[in-house]
There are 2 protein chains.
Amino acid sequence: MKEGPDIARVAALLGDPARANMLTALMSGRALTATELAQEAGVTPQTASSHLAKLEAGQIVKPRKEGRHRYFTLSGPDIVEALEVLMGIANRVGHNRVRTGPKDPELRKARVCYDHLAGDMGVALFDGLAKRKLIESDLNGVALTPAGIDFANMFGIDLDGLRAKRRPLCRECLDWSARQSHLAGSFGAALLDRFYDLGWARRLPESRIVRFSDAGEKSFRDLINP
Amino acid sequence: MKEGPDIARVAALLGDPARANMLTALMSGRALTATELAQEAGVTPQTASSHLAKLEAGQIVKPRKEGRHRYFTLSGPDIVEALEVLMGIANRVGHNRVRTGPKDPELRKARVCYDHLAGDMGVALFDGLAKRKLIESDLNGVALTPAGIDFANMFGIDLDGLRAKRRPLCRECLDWSARQSHLAGSFGAALLDRFYDLGWARRLPESRIVRFSDAGEKSFRDLINP
DNA sequence: TTCATAGTTCGATGCTAATCGAAGCATTGA
DNA sequence: TCAATGCTTCGATTAGCATCGAACTATGAA
C-alpha cells in the first residue's frame with residue numbers, strides 16, 4: 001500500500017533530523033553552502049549531499065551555483081510557513097529538544113530570521129508587545145488587538161496593504177537560540193522594515209546580524225517598555 | 001547526532017503514508033474510529049493501532065472513548081493548518097498521487113472539510129469566486145481582492161471579526177476527491193456558516209454530507225456564476 | 001454464560017533509508 | 001601542471017520501523 005496522499009512525501013522530507021537541522025538553519029534567510037549545512041546538521045559532507053539532493057528533488061530547497069560553491073535557500077514562502085507551523089506544534093506538544101544556538105553574541109542578540117527580527121531582541125519585542133497588550137497569543141496563534149491596530153497605524157505600518165497579501169499577518173516563530181517565540185508574519189516583517197527606515201538598525205552585509213545604533217536601541221527599549 | 005530540532009519528530013509523524021492517510025481522512029472534521037481509520041489508511045487494525053498510539057503520544061490526534069469505540073479527532077487547529085500547508089506544497093511541487101476519493105456521490109458533491117465546504121461544490125465555489133475576481137490566488141496563497149471585501153460585507157460576513165482571530169482569513173485546501181483547491185481559512189468557514197444561516201444548506205447528522213435545498217443550490221449557482 | 005465486535009499487545013520479518021569511508025569530478029589558484 | 005578545496009557518487013553497513021499473524025482484553029448483545 002505505497003500510494004498515499006502526497007503530504008507524506010513532503011512531510012517525510014522534513015521529518016529527518018539532519019534535514020530538519022539544515023532547514024532550520026536556512027530559516028535564517030541566508031543562503032548557505034553545502035558544507036555549512038553539513039556542519040549545521042552535524043553530518044559529513046557526503047551525507048549532507050545526499051540529503052540536499054533529496055530536498056532539491058522535492059523542491060524544498062533550491063540551489064544557486066556560484067564559483068565552486070553551491071548555495072541553498074528555501075524554495076518559497078510556503079516552506080517557511082510550513083516550518084513555522086511545525087515549530088509551533090512541536091513547541092505546543094513539548095518536544096523541545098532545542099538546537100544549540102549560534103555562538104556569536106551579536107547573532108544571539110539580534111539577527112534576521114528570514115525577514116523578521118529574531119534573537120534576544122526579537123523575543124523581547126514579542127514579549128513587550130504582549131505586555132502592552134498590542135498582540136494577544138493563545139493556542140490558536142497570535143493576533144493584533146484593537147490597541148495593536150491603532151499602534152501599527154501610528155507607527156507607520158500600512159495594515160490594509162499587508163492584509164491584501166496572502167501571508168498571515170501575525171505568526172509565532174520559535175526562536176532558534178532562545179526557546180521562546182518571536183514575531184513572524186507580514187506584520188513582524190513590516191516592523192523590522194520600519195526599524196530600518198527609522199534608522200534604528202541596519203543589517204550587516206553578508207551576515208544575519210542586525211545591528212542597532214545606540215539611539216535606535218534606546219528607542220526600541222522605549223517601544224517595548226510600557 | 002540524534003538530537004535535532006523537534007520539528008523533525010512532528011514532521012516524521014506526518015511523514016508516513018499510512019498515518020498521512022488517516023490524518024487526511026480526519027480533515028473531514030468527523031471523529032472516526034480506529035477501524036475506520038485503518039480502512040482509510042489501507043492497513044490492518046493492528047498496524048493502525050500502532051500508528052494511532054504514536055500519533056496520540058505526539059499529540060497529533062486525541063481520542064475520545066465512547067462505548068466500545070475509540071473516536072479520534074485532530075488535536076487542534078494548528079494540526080489542520082499544518083496539513084493544509086503541506087497539501088499546498090505537495091500540490092505545488094507536483095507530488096499529486098491523490099487518494100481515491102469517497103464513493104458516495106453525495107459526499108463527492110458537497111461535504112464539510114473540517115469546517116468549510118469541500119467536494120465538487122467547494123471547488124466550484126473557489127473557481128467561481130476567482131472568476132468573479134473576488135479572490136486572487138498565486139504561489140504565495142489566496143487573498144480577498146477589494147471587490148471581494150465589498151462582497152463579503154454585503155453577504156453578511158463580519159470581516160473585522162474574522163481578522164481579530166488568529167486564523168488566516170483565506171487558505172487553499174487541496175480537495176480530497178477532486179485534485180483541485182477549495183477555500184479554507186476563517187473566510188471559507190464563515191461562508192459555509194452563512195449558507196447554513198440563509199437556509200441554503202444543512203449538514204446531515206452523523207455525516208460529512210452537506211445537503212443543499214433546491215432553492216439553495218440555485219442561489220449558490222447564481223452566487224458563483226457572474 | 002456465550003458469542004461477536006472493537007481494539008491492543010507481542011513477536012517475527014523484511015524493507016527502507018541514513019550513515020560514512022573511499023574514490024571521483026570540477027573549479028580555483030599558484 | 002600540480003595542488004587544494006568543494007562537492008558528489010559508489011558501496012557496504014546498520015538501525016529503525018512499518019507491517020502483519022496470532023493471541024489477548026474489553027465492551028456489548030443475546
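The figures that follow rest on heavy atoms only: side chains count, while hydrogens, waters and symmetry mates do not. Each chain gets a letter, A, B and so on, in the order its sequence line appears, and its residues count up from 1.
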### Query
If you find the nucleotide of DNA chain C closest to A:E66 and the one closest to A:T47, which residue's nucleotide is nearer the 5' end?
A:T47
### Query
Roughly how far apart are B:I79 CD1 and B:E84 CD, rounded to 0.5 Å?
12.0 Å
### Task
May I have the distance from A:R70 (atom CZ) to D:dT8 (atom C1'), rounded to whole angstrom?
9 Å
### Message
The side chain of A:R68 is closest to which nucleotide in this list: D:dC7, D:dT5, C:dC20?
### Response
D:dT5
### Message
What is the separation between atom NZ on B:K54 and atom P on C:dT9, rounded to the nearest whole Å?
### Response
12 Å
### Query
So which of A:V210, A:I209, A:L117 actually passes side chain to side chain contact (heavy atoms under 4.5 Å, CB included) with A:V112?
A:V210
### Summary
Considering only heavy side-chain atoms of B:D16, the closest of D:dT27, C:dT8, D:dA18 is D:dA18
### Query
Between D:dG6 atom P and A:L32 atom CG, what is the distance in whole Å?
15 Å
### Query
Once you round it to whole Å, what is the distance between C1' of D:dT19 and CG of B:L52?
15 Å
### Task
Write down the distance between CZ (A:F72) and C1' (D:dT8), rounded to a whole number of angstrom.
11 Å
### Task
Compare the minimum distances between each of D:dC20, D:dG6, D:dA18 and the side chain of A:T35, then state the nucleotide with the smallest one.
D:dG6
### Task
Please check the phosphate of D:dT5 (OP1 and OP2 only) for any side-chain N or O of A:H69 closer than 4.0 Å.
no
### Task
Return the 5'-most residue of the pair A:G67, A:H51 with respect to DNA chain C, ranking by each residue's nearest nucleotide.
A:H51
### Query
Within this structure, what is the CE-to-C1' distance between B:M22 and D:dT19, rounded to whole angstrom?
12 Å
### Query
Nearest to the side chain of B:T44, which nucleotide is it out of D:dC7, C:dT19, D:dG21?
D:dG21
### Message
Please report the distance, rounded to the nearest Å, between OH in B:Y71 and P in C:dA6.
### Response
10 Å
### Query
Using a cut-off of 4.0 Å on non-hydrogen atoms, how would the nucleic acid contact of A:A18 be classed: base, sugar-phosphate, or nothing?
sugar-phosphate
### Query
What do you reckon, is CG of B:D214 surrounded by more than 12 foreign heavy atoms closer than 6.0 Å?
no
### Task
Using a cut-off of strictly less than 4.0 Å, decide whether A:R19 has a side-chain nitrogen or oxygen near OP1 or OP2 of C:dA18.
yes
### Task
For salt bridge (Lys or Arg N to Asp or Glu O under 4.0 Å), just list the numbers for B:R70 and B:E56, CA-CA rounded to whole Å, side-chain angles, deciding distance to a tenth of an Å, and then say yes or no.
CA-CA 12 Å; B:R70 280 185 85 202; B:E56 192 184 339; 3.0 Å; yes
### Summary
Of D:dC7, C:dT9, C:dA18, the nucleotide closest to the side chain of B:S49 is C:dT9
### Summary
Testing D:dG21, C:dT28, D:dT8 for proximity to the side chain of B:Q46, the answer is D:dG21
### Message
Check this one for me: any side-chain N or O of A:K65 less than 4.0 Å away from OP1 or OP2 of C:dA26?
### Response
no
### Task
Measure the shortest side-chain to side-chain distance between B:M22 and B:E40 over non-hydrogen atoms and say whether it is less than 4.5 angstrom.
no
### Length of the CG-C1' vector between B:L13 and D:dA18, whole Å
14 Å
